[in-house]
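Written out below as structure tokens is the structure these notes cover.
All heavy atoms count here, side chains included; hydrogens, waters and symmetry mates do not. Everything numeric in this text was worked out from a predicted model, so none of it was measured.
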Amino acid sequence: MQLSTRHLLGIKDLTPGDISTILSTASQFKEVLQRPIKKVPSLRDVTIINLFFENSTRTRISFELAEKRLSADVINFTASSSSVAKGETLLDTVNNILSMKVDMVVMRHSASGAPHFLAQHIPAAIVNAGDGINEHPTQALLDAFSITEKTGKLKGTKVAIIGDIMHSRVAQSNIYLLKKMGAEVTVCGPPTLIPKYISRALNVEVSYDLKETLEWCDVANVLRIQLERQNQVLFSSLREYSLAYGINRRMLDNLQKDIVIMHPGPINRGVELDSDVADSKQSIILQQVENGVAVRMAVLFLLSGGRNPSDN
Ligand code: CP
């Protein structure tokens, strides 16, 4: 089993076949993770560095756990406690690390395109763990895995992506993936948080009406407001945002069906989601996190040229 690409920089570069291969390999790893002994030798003697130049809870722990379950040697790098703080460039930092015989790089960076830049200059395989407002490919893959697990399919499933679409790498990766796999996608949020030409550029529907969108969808993937990426005022206050686009229990109870609620985390409770929605039976937020480990195992395994994971 092989992917058509040497790195995972974005969903944009993957074929539908690549996506199916990753999702089916992740299913096999999910089965491995139910066993009493969860560790397999697939990446023994492979050394992976997790380079995080931006904060993370879920992605970082999930990659580290995936690497350890695959028996890789794992090194964690945090920019704030490194020589980056003394002015070392990204390329110098990474070349120094690679000279110590590191095979794969998992990288999160606040600059869109940072992993793409690195891929042009270093020989190691790179996995993008989120770059600026560009892509978060493993999040979209674990979201797709979780939707399939819950609804049985991606093709024809109506997925609403709700919130700050403009600044969200999760939104962009999800849109690429869902459209490639035949899902129907609507983005919903205030006009100031939805890029003007998204409908034409990415072939999605746009709605500014939350109630209408919830009535239409099977799955609502709810995003947080990315205040750290906004350099101008795009809505009057979080309270105003919450009144127009926050999802509460009453709204879900008024629908004629049970929709699936997703969120990539971290949640701003009481802003985009009330707790009685985030913690309800309709929410699969913690299943998304659980599935992230199997999906990241699949990505690392396939990029290292893996054979059938059942052979482990
Ligand atoms: N979903 C996600 O990327 O979460 P973290 O920022 O905690 O990694």
Side-chain angles (χ1 to χ4, degrees), residues 3-16 18-30 33 42-43 48-70 72 74 76 104-110 112 114-116 118-119 124-149 154 161 168-178 180-181 221 223 262-266 284-304 306 309:
L3 301 179
S4 66
T5 165
R6 216 168 76 67
H7 308 283
L8 178 59
L9 300 177
I11 300 294
K12 193 177 186 181
D13 308 323
L14 298 182
T15 64
D18 289 331
I19 295 166
S20 296
T21 300
I22 294 169
L23 298 182
S24 63
T25 306
S27 285
Q28 297 181 59
F29 279 123
K30 182 148 185 187
L33 292 174
S42 315
L43 295 194
I48 305 178
I49 184 147
N50 299 314
L51 279 177
F52 278 69
F53 289 85
E54 204 187 50
N55 294 345
S56 171
T57 297
R58 282 145 290 269
T59 311
R60 184 182 175 137
I61 292 172
S62 180
F63 266 111
E64 185 173 345
L65 204 49
E67 291 152 4
K68 288 181 170 167
R69 299 283 192 234
L70 291 167
V74 180
N76 289 309
M104 293 178 89
V105 176
V106 173
M107 185 168 84
R108 168 168 288 193
H109 204 287
S110 57
S112 300
H116 307 69
L118 215 53
I126 299 174
V127 182
N128 180 2
D131 66 318
I133 60 168
N134 181 39
E135 283 226 40
H136 192 347
T138 56
Q139 180 69 46
L141 286 159
L142 75 88
D143 288 346
F145 186 93
S146 305
I147 293 171
T148 311
E149 199 173 55
L154 287 174
I161 304 175
S168 174
R169 55 197 177 203
V170 174
Q172 178 130 296
S173 286
N174 261 273
I175 292 168
Y176 284 137
L177 189 152
L178 291 165
K180 282 177 196 250
M181 302 309 280
N221 196 350
L223 308 177
M262 301 174 69
H263 193 302
I284 60 164
I285 294 170
L286 292 179
Q287 285 98 307
Q288 289 173 259
V289 178
E290 180 188 346
N291 290 334
V293 179
V295 166
R296 291 179 174 117
M297 285 173 81
V299 167
L300 295 165
F301 174 78
L302 290 164
L303 287 179
S304 69

(message) Has Lys30 got a side-chain atom pairing as donor or acceptor with Val293's backbone, closer than 3.5 angstrom?
(response) no

(request) Check for a donor-acceptor pair, side chain of Ser173 on one end and backbone N or O of Glu135 on the other, with a separation under 3.5 Å. (result) no

(message) For the residue pair Arg296 and Phe63, would you count it as a cation-pi contact if the rule is NZ or CZ under 6.0 angstrom from the ring centre and within 45 degrees of the ring axis?
(response) yes

(message) Determine whether Leu33 and Glu290 satisfy the following criterion, side chain to side chain contact (heavy atoms under 4.5 Å, CB included), listing intermediate values before the conclusion.
(response) CA-CA 10 Å; Leu33 292 174; Glu290 180 188 346; over 6 Å; no

(message) Check Glu64 with Lys68, please: is the shortest side-chain N to carboxylate O separation under 4.0 Å?
(response) yes

(message) Any non-hydrogen side-chain atom of Glu67 less than 4.5 Å from a side-chain atom of Leu300?
(response) yes

(request) Would you mind reporting whether Leu141 and Ile19 have side-chain heavy atoms less than 4.5 Å apart? (result) yes

(message) Within the 4.5 Å heavy-atom criterion, are Leu223 and Pro264 side-chain neighbours or not?
(response) yes

(request) Indicate yes or no: at least one non-hydrogen side-chain atom of Asn221 is less than 4.5 angstrom from one of Ile147. (result) no

(request) Report yes if some heavy atom in the side chain of Gln172 is under 4.5 Å from a heavy atom in the side chain of Asn134; otherwise report no. (result) yes

(request) State which residues pass side-chain hydrogen bond (donor to acceptor under 3.5 Å, both in side chains) with Thr15; sequence neighbours excluded, sorted by chain then number. (result) Asp18

(request) Answer yes or no: is there a side-chain heavy-atom contact under 4.5 Å between Leu118 and His109? (result) no

(message) Taking Ile126's backbone N and O only, do any of them form a donor-acceptor pair with His7's side chain (distance below 3.5 Å, no angle check)?
(response) yes

(message) So for atom CG, which belongs to Asn76, do other residues, nucleotides or ligands contribute more than 12 heavy atoms lying within a distance under 6.0 Å?
(response) yes

(request) Measure from the side-chain N and O atoms of Lys180 to the backbone N and O of Leu14, and report whether any donor-acceptor pair falls under 3.5 Å. (result) yes

(message) Here's a test for you: under side-chain hydrogen bond (donor to acceptor under 3.5 Å, both in side chains), which of Thr138, Asn291, Asn174 qualifies with Asp143?
(response) Asn174

(request) Take Leu3 and Leu8 through the test side chain to side chain contact (heavy atoms under 4.5 Å, CB included) and record every step on the way to the result. (result) CA-CA 9 Å; Leu3 301 179; Leu8 178 59; over 6 Å; no

(message) Any non-hydrogen side-chain atom of His136 less than 4.5 Å from a side-chain atom of Ser168?
(response) no

(request) May I ask you to decide if His263's main-chain N or O and Gln288's side chain share a donor-acceptor pair within less than 3.5 Å? (result) yes

